[in-house]
Protein chains: 2
Amino acid sequence: MNELLDYFKKNVSIPAEIENKLNEIIVEKKLVKGEIILADNSLKKEHIFVVSGCLRSFYKTEEGKEYTIQFAIKNWWISDYITLYTNAKSIITIESLTHSKVLILDKNKTDELYKVYPPFEVFQRKNFEKRTATLQKRILGLLTLSAAEKYNQFINDYADFEKIIPNYQIASFLGITPQSLSRIRKEKFKK
Amino acid sequence: MNELLDYFKKNVSIPAEIENKLNEIIVEKKLVKGEIILADNSLKKEHIFVVSGCLRSFYKTEEGKEYTIQFAIKNWWISDYITLYTNAKSIITIESLTHSKVLILDKNKTDELYKVYPPFEVFQRKNFEKRTATLQKRILGLLTLSAAEKYNQFINDYADFEKIIPNYQIASFLGITPQSLSRIRKEKFKK
DNA sequence: GTAATTTATTACCATAGGTTCAGTTTTAAA
DNA sequence: TTTAAAACTGAACCTATGGTAATAAATTAC
């Protein structure tokens, strides 16, 4: 009864003893709206898998400005990849935008799992490949597009998110101010 | 006598038959300065590993503006991750900035290798994890930093590249114009 | 249902960085 | 070595987007 396993099992079968191991590693957690699952300044190394709801990761400056790194819905992973794969302390926060359910996989335990059950390694290698493509696309968008173009791309690529996410957070994802986004929306929707 | 294998072997030993397989998959190629190894509009799916020299991947608009996605030196991978992991045609070009030597791994053959030799899968999963962290950092920089700050970060993080790479390409990596970079450098070095 | 808080919009001004174009220096080619 | 091409710098001007501030709308809390 674990959604990550269901998702995973679409591709491979899981021996009973491995399924037990997986159930031991995977910790289910329910989050309320606004709840923070990973605070900045922490050293916690965890993979987070979204079962339902919507989460976002963001960086907050000393002056209180927020920059959204990622949004994640059903079947997406969200983590602070810098903390996970370097020894740096977390500078980002992960919060739940809605009531949501996530699965948390401790990094060390996951590394063990990779050893005893290679198909999970394959599964994750493929995940990371896809993520790399997504991130490359994001970088290209940030480099090449105007504010309005970035917003249009967002609306296209993240149609499912648009209704859930407040505009000021979309702006912080695109690297523009809420005022700019407002201006853009006015232009866009008057037509 | 293969540098990727040397690099890889630091962590694991390779059975003889697998080493043969690897040598069959891995194609060595020497590039001259300016040579293009992956053209845009192609569907070629390859992993490229840099043995020596320096390469860069970039996107070029119809008007001829270039946006650099990545630079890569010794022991880095460089590819068009969008073409590799989606069915989209390549919109980026990969060129050699210096005389260089690369190893090319065809995607399909590499996928076979993963199957017969799981340690290579582990090796690549870890590579991709690191890459994800690097890309997250880049995105954060693009979102939060001013042109001058981005340049300073670049100088810090890519010290080895700085002497090799022309300024206009650094500018295209940072998402600013060569003129802007010139202005910034003037300020920076007059102090 | 009302008050309090958060989010979104609008307007007006400020500015970082883009554009254009000219001049100079460096690199490559012949 | 000379010439041509590419890269870099500089300055004047322009524009997209940011900053600030005030208002309105929408959510949330009581």
Side-chain angles (χ1 to χ4, degrees), chain A residues 32-36 54 56 58 60-68 71 93 95-99 141-155 161-191, chain B residues 31-36 54 56 58 60-68 71 95-99 141-155 161-191:
Chain A
V32 298
K33 186 172 179 174
E35 188 169 348
I36 284 166
C54 182
R56 83 167 170 136
F58 62 94
K60 192 170 188 168
T61 65
E62 285 151 23
E63 306 93 54
K65 269 191 224 165
E66 289 180 3
Y67 296 91
T68 296
F71 296 110
T93 305
E95 71 166 6
S96 185
L97 300 184
T98 59
H99 285 250
L142 289 173
L143 287 175
T144 61
L145 303 180
S146 70
E149 289 167 334
K150 282 190 273 189
Y151 181 60
N152 288 332
Q153 178 177 290
F154 180 83
I155 296 299
F161 293 70
E162 206 217 328
K163 308 115 200 169
I164 309 170
I165 300 172
N167 285 329
Y168 80 94
Q169 288 181 10
I170 295 179
S172 85
F173 179 81
L174 303 178
I176 62 177
T177 57
Q179 293 88 330
S180 267
L181 181 54
S182 203
R183 185 156 45 191
I184 288 160
R185 286 166 51 80
K186 191 184 172 187
E187 276 304 304
K188 186 179 170 78
F189 296 121
K190 85 175 181 195
K191 284 166 192 167
Chain B
L31 303 168
V32 297
K33 186 173 177 173
E35 188 169 347
I36 284 166
C54 182
R56 83 168 170 135
F58 62 93
K60 192 170 189 167
T61 65
E62 286 151 22
E63 305 93 53
K65 270 191 223 167
E66 287 180 5
Y67 297 90
T68 296
F71 296 110
E95 72 164 5
S96 185
L97 300 184
T98 59
H99 284 250
L142 288 173
L143 287 176
T144 61
L145 304 180
S146 70
E149 289 167 334
K150 282 189 274 189
Y151 181 59
N152 288 331
Q153 178 177 289
F154 180 82
I155 297 299
F161 294 70
E162 206 217 327
K163 309 114 200 171
I164 309 170
I165 301 172
N167 285 328
Y168 81 94
Q169 289 181 11
I170 295 178
S172 86
F173 179 81
L174 302 178
I176 62 178
T177 57
Q179 292 88 331
S180 266
L181 182 54
S182 201
R183 187 154 44 188
I184 287 160
R185 284 165 53 80
K186 190 183 170 185
E187 275 304 305
K188 187 180 170 75
F189 296 120
K190 85 176 179 194
K191 284 167 193 166

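Quick note: numbers below take in every heavy atom, side chains included, and nothing from hydrogens, waters or symmetry partners. A, B, ... follow the sequence lines: proteins, then strands. Residue 1 opens every chain. Note that the structure is a prediction, hence the values are computed from the model and not measured.
Atom NZ of residue K188(A) and atom CG of residue L181(A) lie 10.5 Å apart, to the nearest 0.5 angstrom.
Taking the ring centroids of F71(A) and F173(A), they lie under the 6.0 Å cut-off.
The CG atom of N167(B) sits 13 Å away from the C1' atom of dT25(C) (whole-angstrom rounding). Rounded to whole Å, the distance from CD1 on I164(B) to C1' on dT26(C) is 18 Å. Here the C1' atom of nucleotide dA8(C) and the CD1 atom of I170(A) are 12 Å apart, to the nearest Å. Taking atom CD of Q169(A) as the reference point, atom P of dT7(C) lies 8 Å away to the nearest angstrom. In this structure, L143(B) atom CG and dT17(D) atom C1' are separated by 15 Å, rounded to whole Å. For R185(A) and dT9(C), the CZ to C1' distance is 10 Å, given to the nearest whole Å. In this entry the distance linking CD of E187(B) with P of dC8(D) reads 19 Å, nearest Å. Between the P atom of dA7(D) and the CG atom of L97(B) lies a distance of 11 Å, rounded to the nearest Å.
Under the 3.5 Å distance criterion, the side-chain polar atoms of T177(B) are matched with a main-chain donor or acceptor of S180(B). Judged by distance alone, the side chain of E149(B) and the main-chain N or O of S146(B) form a donor-acceptor pair under 3.5 Å. Between the S172(A) side chain and the Q169(A) main chain, a donor and an acceptor come within less than 3.5 Å of each other.
Side-chain contact between C54(A) and F161(A) is present, with at least one heavy-atom pair separated by less than 4.5 Å. Contact of the K65(B) side chain with the K60(B) side chain is not registered, since no non-hydrogen atoms from C-beta on lie closer than 4.5 Å.
The rotation axes computed at either terminus of the helix from dG1(C)-dC30(D) to dA30(C)-dT1(D) lie 60° apart, taking five pairs at each end and rounding to 10 degrees.
Ion pairing between a basic and an acidic side chain is recognised when a charged N comes within 4.0 Å of a carboxylate O; K33(B) and E95(B) show no such pairing.
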Checklist outcome for this item: Per-nt protein contacts along nucleotides 15-20 of chain C (heavy atom under 4.0 Å; B base, S backbone sugar-phosphate only, - none) come out as --BBBB

Next on the checklist: Apply side-chain contact (heavy atoms from CB on, under 4.5 Å) to residues I176(A) and I184(A) and explain how you reach the verdict.
Outcome noted: CA-CA 11 Å; I176(A) 62 177; I184(A) 288 160; 4.0 Å; yes

Item to check | Steps toward side-chain contact (heavy atoms from CB on, under 4.5 Å) verdict (H99(B), L31(B)) | outcome: CA-CA 6 Å; H99(B) 284 250; L31(B) 303 168; over 6 Å; no

Polar-atom pairs under 3.5 Å, protein N or O versus N or O of nucleotides 28-30 of chain D: list them with distances, or write none.
| from | atom 1 | to | atom 2 | distance (Å) |
| --- | --- | --- | --- | --- |
| dT28(D) | OP1 | K33(A) | NZ | 2.8 |

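Checking dT9(D), dA8(C), dA7(D) against the side-chain heavy atoms of Y168(B) singles out dA7(D) as nearest.
No hydrogens or angles considered: nothing links the side chains of S182(B) and R185(B) as a donor-acceptor pair under 3.5 Å.
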